[in-house]
Each structure stands twice: as structure tokens, then as C-alpha cells.
Protein chains: 2
Amino acid sequence: MSQQRHGSTPGEAGGVPAFPDLPEATIARLPEYLRALHHLAETGAETVSSEGLAAAAGVNSAKLRKDLSHLGSYGTRGVGYDVALLVAQIEFILGLDENRAVCLVGVGNLGHALAGYAGFASRGFRVVALFDADPNKVGEQINGLNVQHIDDLRRVAAEESITIGVIATPPGTAQMVADALVAAGVTSILNFAPGVLSVPANVDVRKVDLAIELQILSFHEHRKASLTSLPGGRSAAADNQEAVGS
Amino acid sequence: MSQQRHGSTPGEAGGVPAFPDLPEATIARLPEYLRALHHLAETGAETVSSEGLAAAAGVNSAKLRKDLSHLGSYGTRGVGYDVALLVAQIEFILGLDENRAVCLVGVGNLGHALAGYAGFASRGFRVVALFDADPNKVGEQINGLNVQHIDDLRRVAAEESITIGVIATPPGTAQMVADALVAAGVTSILNFAPGVLSVPANVDVRKVDLAIELQILSFHEHRKASLTSLPGGRSAAADNQEAVGS
DNA sequence: AGGCGCTTGTGAAGGCGTGCACAAATCGCG
DNA sequence: CGCGATTTGTGCACGCCTTCACAAGCGCCT
């Protein structure tokens, strides 16, 4: 079906290629593939089979192939995928080659940890500004960054071209902060505060609620406990398969 | 208020009710409903309509009704749902009435914050033990808890009946810690370390990768940027609703 | 050059989840 | 006591995602 000429090479500079609209499910897995690929690259692998990469990423190999095929990927039948090339491909698609500027609002317990989280810097992001509403925290030095007052958000966001904001405030102030971020031109928000944010349609929000994750696990604990006490006796087999790692 | 009798009342003690096997998607939303319900209860509401609760939880009302119907829920046509009753129902299903004991391994940057995260305690969980492999950290006092050496995990887990463990270590040691947790009888793991864990089939794992969340947002930034620069001209309207799950 | 084994890419089928639209049920009121 | 307003519970259709299974392509070996 597809012509063998993959005309638009998305390598780096140049024209923007026709942007593929990937399924959301695929997008959510690309970062996982990317991490696995980086790990493979470090061990010196030149190529990977879909089977190998799938195992490293904890997914089905057919799913992985379909995911990669969606982004018009480069693979060689009989050989596998070129690791370096695939890394470049995925990083381009995810927009990681732009080393995006991120700001973080709320330097409390959790915000403090996020400000120092090494995983951000090592995976394509620069935390360039910290904000808080508490005057006592303004001026504090965290990981080489000065905590600034939230009233300066708009100015700083413009200066640093910030498009992604992280909310790590108490729930009560999250919506207010979100409004401020939107007003400052931020178009993507990662929200750690429990509760629903309402934002304009062109702003993307992703939520991480730590307590919810535990509650989901708690449900499965409850289920498992009630199963073992049932006469049916099916101890614990079934369908739960949790992949393999390296 | 309460009127008709539903056959099997899953209130609390007594016989284990036939455990409904809910769709995973529903389970993931129950905690969100629960949070919204608690908020409503604080404002003094006795009942809620599916429309109202759906708005507070950020979902479609039809979806909410279907979710609640799955757990054989109590609602009164023409009136709505009894807030207190529904809270009890969901907390029972999620197993939150048991106030589960949780342990946390890895008292680094992130682990430190998690140990002090108020959201856990307020939503049905007790963090009862902290572990680390670094002798310098053992003995440290965090939020009223002593950091213990990971070699003591097995003993402490048994003493405290711990069934849920949280991994907040560097990626390199995550698999080792997971093995230790499993050996100690933990059957649910919340993993903050990047990478895939391999565990027995009866152990549930949920992963939270902060960098992945940012990378997904980055993709959408990239997409938005390439759209605005395209001749198509559709600035940014369309169908983008609200946040996403994990 | 030719054949063989390996791996990708994809058509097709099945399952799951979502959202619409409506019947059934309940309350309040005249 | 019946009627209308309101809201739940759900049958149904649609679309997305997953998974299987296999043809097409590629390199290597003889």
C-alpha cells in the first residue's frame, strides 16, 4: 500500500512532515518504547526485533509492530528495527528534540521532590521556573532554581517560552493556578492535585492522582481476598500477566 | 429516605457478597466518583443526580450511571443517589474500609515526599513503614516514622500485615525491591521507577512514570504547533474535552 | 543465483468501552 | 388518586483497540 519512498524525512530541521494522527493508545506507549530503546542503545545493540523490544517494554509484539507502523516507521524485514533511527523517530514525534521548558507551581512536599526529579532533565525537559503563593517560600533555592512568586508567572512564562506547567499545589488552589497558567500562555498542564480542572478546549490536561492509584490496587486486594475465601477455590491463576523485563 | 429492599446488602460484616467483576475502566473511575462524593458530602448535600455527580467528577452522565449500575447501586429514580449511601458502597467495593497498611521503599527525593503525602492518610491508607538500602538513611525520622533497612522488610511486613508496597527507588534497584516485596507477601505494588517489573501473576502492579506524562503532553504540544503552522488553518477548536486517565 | 529462515507490516475478527435514546420508576402536587 | 415532571437504569449501535494469522520482503548461506 504505502510507497516505499518515505518522502518526508523527519530527521531534524526542514519542513514539518504531514503529521500522523496516531491513536491515543499508541501515543501513550511511545514513551515506554523510547525508554526501552535508550536502555538497549546503552548496551550496544544496533538493532532490535519487535519481539525483543516488546518484551523490554512490557507489551505484546503485534501491538508494538502496529504502533510503529502507524508512525510510518523504519524496520527491516528479517532483521528488525535500527535502534538509533527509531530513537530519533520517536523523539521527533514526541517533540522531545526541542528540550521543552517546564514550570512548576507549588513547592510543597511533592513539588519539592518534583523540582529535583532527575528523570525530567534526563528525558527531554528543563524545569526552568518554580512558583509558589507563600511569601515564606519565595526566594528559597531548590536545585539551583529560585522560587518565585506566582504573580510573576505571566512575565516569566513569556520570557522563557514556557508551554508546559505542572501543578503541585493543594486541591483548593489548583483551579486558580490552572487559570493563571492558561492566562500565561501555557497549553499543557500536568496536574497532581486531586479534583477536576476546567480549562479551555485547546489546553491539554493530564492528571496524576497518587491516592487513586492506591485505591485501584486496594480494589484488587479486596477482590483477591474475597476470591480466596470463596468456595470456588480458584486461588490465583487466570489472566493476569505482567510482562518481562531486562 | 431508604425505602425499598435490595436483596443482597453488602454493607460490611457478614457474608462476602457475590463480588461483581467490574470493567477495569469503571474501577479506575470509582475513586474519582468517591472524591467528588466526599466533596459533596462536606457541602451538606443529601442526594445527587447523575448529572451533578458526573459534572463534579468530570465525566459523561451516561457513563456514570452505567458505572454505578455495574455495582448494583442504589439510586432513586426521580431523585438521584443518596450521597452517604453511595460513599459507603464505593468504599466497600474498593476495600477502603479496611484502612490498608502500605509500606514505602526508597526514601530519596520522591520517596521523602510520598512519605509525607497527606492524601494517602486522608483517603484510606496508612503508611506504616519506610525502607531504604542506604545505611545513612536508616534511622532517619520522617513524618513520625523511622526509616528501616530493607533487610527488615520481610519481618515488618508480616508484623504489620502489609499487602501494598510502593517503590520509589532508582530504576536500577526497582526489580530487586519488587522481588523482596513479593517475597514478603506483598500482592500489590505501586511503582514510580521507570522500567518494567516482572512479578508473579497473582501480584498486581501499577506504574506511575512522571516523565512519561510529560512526554505525552509534549507530543500534543508538538502536534498543536505543527497544526497552527499548516495551511489547513484550524486553529484549535474541536473536540478536546478534559483530562485523561492513566 | 536460488532457496531458506527470519521478521516486518497489515487485513480481518473479536472484545471492550462509550454515548445515545428511551422505557421504567418514583416523587410531589392538585 | 391520578398526572406530570424528573431521573435512573439499560438495550443498542458505533468506534477504538487488541490480537491473531499470514503474506511480503530481506539477508544469508550454499
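The sequence lines fix the lettering, A, B, ..., with proteins before strands; numbering per chain opens at 1.
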Nucleotide C:dG15, atom C1' - distance to NZ of A:Lys63 in whole Å: 13 Å
Protein-nucleotide distance (A:Leu71, atom CG; C:dT10, atom P), rounded to Å: 12 Å
Main-chain N/O of A:Ser198 paired with A:Gln175 side-chain donor or acceptor, under 3.5 Å: yes
Side chain of A:Tyr81 (C-beta onward), nearest among C:dG9, D:dA21, C:dG17: C:dG9
B:His38-B:Arg35 side chain donor-acceptor pair, cut-off 3.5 Å: no
Closest to the A:Lys66 side chain, choosing from C:dA12, D:dG9, C:dG19: C:dA12
Length of the line joining A:Leu64:CG and D:dT18:C1', which is rounded to integer Å: 13 Å
Given C:dC27, C:dG9, D:dC20, the nucleotide with the shortest approach to the side chain of A:Ala62: D:dC20
Nucleotide of D:dG27, C:dG17, C:dT10 approaching A:Arg65 most closely (side-chain heavy atoms): C:dT10
Atom-pair distance (OH on B:Tyr74; P on D:dG9), nearest Å: 11 Å
Distance-only donor-acceptor test, A:Arg77 side-chain atoms vs C:dT7 base atoms, 3.5 Å: no
D:dT8 phosphate, OP1 or OP2, under 4.0 Å from B:Ser50 side-chain N/O: yes
From C:dT18, C:dG17, D:dT19, nucleotide with atom closest to B:Pro23 side chain: C:dG17
Atom pair distance, as rounded to whole Å: CG in B:Leu53 and P in D:dT7: 14 Å
Donor-acceptor contact below 3.5 Å, side chain B:Lys207 vs main chain B:Leu197: no
B:His70 NE2 - C:dT18 C1' separation (whole Å): 11 Å
Among C:dG11, C:dG19, C:dT8, the nucleotide that comes nearest once only the side chain of B:Asn60 is considered: C:dG19
Presence of A:Arg29 side-chain N/O under 4.0 Å of D:dT18 phosphate oxygens OP1/OP2: yes
4.5 Å side-chain heavy-atom contact, A:Asp209 and B:Arg123: yes
Short side-chain to backbone donor-acceptor contact, A:Ser218 and B:Leu94, under 3.5 Å: yes
Interatomic distance, A:Asp82 CG vs D:dC26 C1' [rounded to whole Å]: 15 Å
Rounded distance (Å) that lies between atom P of D:dC16 and atom CG of A:Leu22: 14 Å
